[in-house]
Amino acid sequence: MDKNEIKTKNLDTLAEYQAQLCKEPKLHQLFLELTLKCNEFCFHCGSGCSKELPDGLPLEKYKEILDEVKENFGTNMLIAITGGEPLLYKDFFELVNYIHELGFKWGMTSNATLITKEVAKKLHDAGMFSISISIDGLPETHDRYRGFPRGYELAMRGVDNLLEEHGADEIMITTVVNHENISELPELFEIFDKVDIDTWRLTGIEPIGRAMDHPEMLLTPEDNRQLMKFILEKREQKLPVTYSCCHFLGLEYEAEVRNWYFLCNAGIYVAGILQNGDVTACLDIPRNEKSIQGNVYEDSFSDIWRNRFEIYRTSLAERNEDCSKCSVKKWCRGGAYHSWDYENEKQKVCMKGILFDE
């Protein structure tokens, strides 16, 4: 049996498992969007964050939700803290210490500019398991994209502080790759390879949020092929570079540029609570009447998770005529929910014809 035959067999098994998950979902990761405030203003931000936007729920409401989640689902999951910049939430440390005391593992996404040595120590004391830090280019590029002078310098300082204070068990740098900064990947690799991080995660810019205003920055087909080849080359050297969870990549690249096969976790493994109490799946998914499943001020999170989420537990491929006829729909299921066009019921990002054919 050759490699493609093995992959085909594995993908068929995964498709069967996903069909079962749609009937019996398992909550493995709960995102809490603590705030839309951010000290940076990234041109590609999917949530449209800025410093003027509001905080999320009151501390006591988060505690109530976490108590309910522990009672109904246990603590064998990751609580993923995000924003905005989560460290700007006024009760951040009281909340994450409460999460830790309840027995959950927790992690966060951050731009790291606010992670001083003192903050890194407090993160360690609160039991932070993992952190994803956003760095999107060499210093001038990163700062320009983020509208924040010294953003790169302060972010790398934050990484150093986390390493020195053992602020997290797992440290990942995430880079959003676009048509311009893809040329900087080799030089960025040389920098990150000298830092004791666990993973460098590369993800292509997506046509969501503010990135919709910059179509010239989206990846071309050749960019996508170049990105796959770059990651594959580094991984063949046993270096900790990975592609994100986004998109079905075809047999050549599935389980090669990342350790797993494509499976959009939205609504079957993953749920998220937005800063206004709305409940959705992955927080990169556009917020609309189809993607929002309820609100924690009107119904309990547990009831929403158990009794709604139908859109996430049925195949997107069946919502679009072209997708429904596709030869890989069993494996792809219409692709990722965050890049789905909910108004026109079609996928915005498809690697068929770019990375693979029929």
Salt bridge [X]-[Y], side-chain N to carboxylate O under 4.0 Å:
X	Y	answer
Glu164	Arg157	no
Lys330	Asp12	yes
Lys290	Glu343	no
Glu180	Arg144	yes
Glu153	Arg150	yes
Glu222	Arg225	yes
Asp136	Arg146	yes
Arg319	Glu345	yes
Lys105	Asp169	no
Glu33	Arg287	yes

Would you give me the side-chain donor-acceptor pairs under 3.5 Å for residues 189-201, sequence neighbours excluded?
from: Lys194; atom 1: NZ; to: Glu190; atom 2: O; distance (Å): 3.2
from: Asp198; atom 1: OD2; to: Ile171; atom 2: N; distance (Å): 2.8
from: Trp200; atom 1: NE1; to: Thr175; atom 2: OG1; distance (Å): 2.8

Under 3.5 Å, is there a donor-acceptor pair linking the side chains of [X] and [Y]?
X	Y	answer
Asp303	Ser300	yes
Glu68	Ser302	yes
Thr174	Ser132	yes
Glu206	His338	yes
Gln20	Glu24	yes
Asp55	Thr35	yes
Tyr312	Thr280	yes

(message) For Glu94 and Lys63: C-alpha separation, side-chain torsions, deciding distance, then whether side-chain contact (heavy atoms from CB on, under 4.5 Å) applies.
(response) CA-CA 10 Å; Glu94 188 170 352; Lys63 289 183 175 181; 3.5 Å; yes
(message) Could you check whether Tyr89 and Phe92 have their ring centres less than 6.0 Å apart?
(response)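 No - the distance between ring centres of Phe92 and Tyr89 does not fall below the 6.0 Å cut-off.
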(request) For this output row, return yes or no: ring centroids of Tyr243 and Tyr253 closer than 6.0 angstrom. (result)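 Centroid separation for Tyr243 and Tyr253: 6.0 Å or greater.
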List, one per line, each side-chain donor-acceptor pair under 3.5 Å for residues 263-277, sequence neighbours excluded.
from: Tyr269; atom 1: OH; to: Tyr17; atom 2: OH; distance (Å): 2.8
from: Asn276; atom 1: OD1; to: Asp278; atom 2: N; distance (Å): 3.0
from: Asn276; atom 1: ND2; to: Asp278; atom 2: OD2; distance (Å): 3.1

(message) Ring-plane angle category for Trp305 and Phe301, please: parallel below 30°, perpendicular beyond 60°, tilted otherwise.
(response)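 Taking Phe301 first and then Trp305, their aromatic rings lie parallel (interplane angle under 30°).
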Using a 6.0 Å distance limit plus a 45 degree cone around the ring axis, check whether [X] lies over the aromatic ring of [Y].
X	Y	result
Arg333	Trp340	no
Lys329	Phe248	no
Lys122	Phe93	yes

(request) Please report the C-alpha distance between Val159 and Leu163 in whole Å, then the side-chain angles of each, then the deciding distance to 0.1 Å, and finally whether the side-chain contact (heavy atoms from CB on, under 4.5 Å) criterion is met. (result) CA-CA 6 Å; Val159 172; Leu163 290 167; 4.0 Å; yes
(request) Only counting residues at least two apart or in another chain, list the ones meeting side chain to side chain donor-acceptor pair (under 3.5 Å) with Glu321. (result)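 Side chain to side chain donor-acceptor pair (under 3.5 Å) check on Glu321 returns Lys325.
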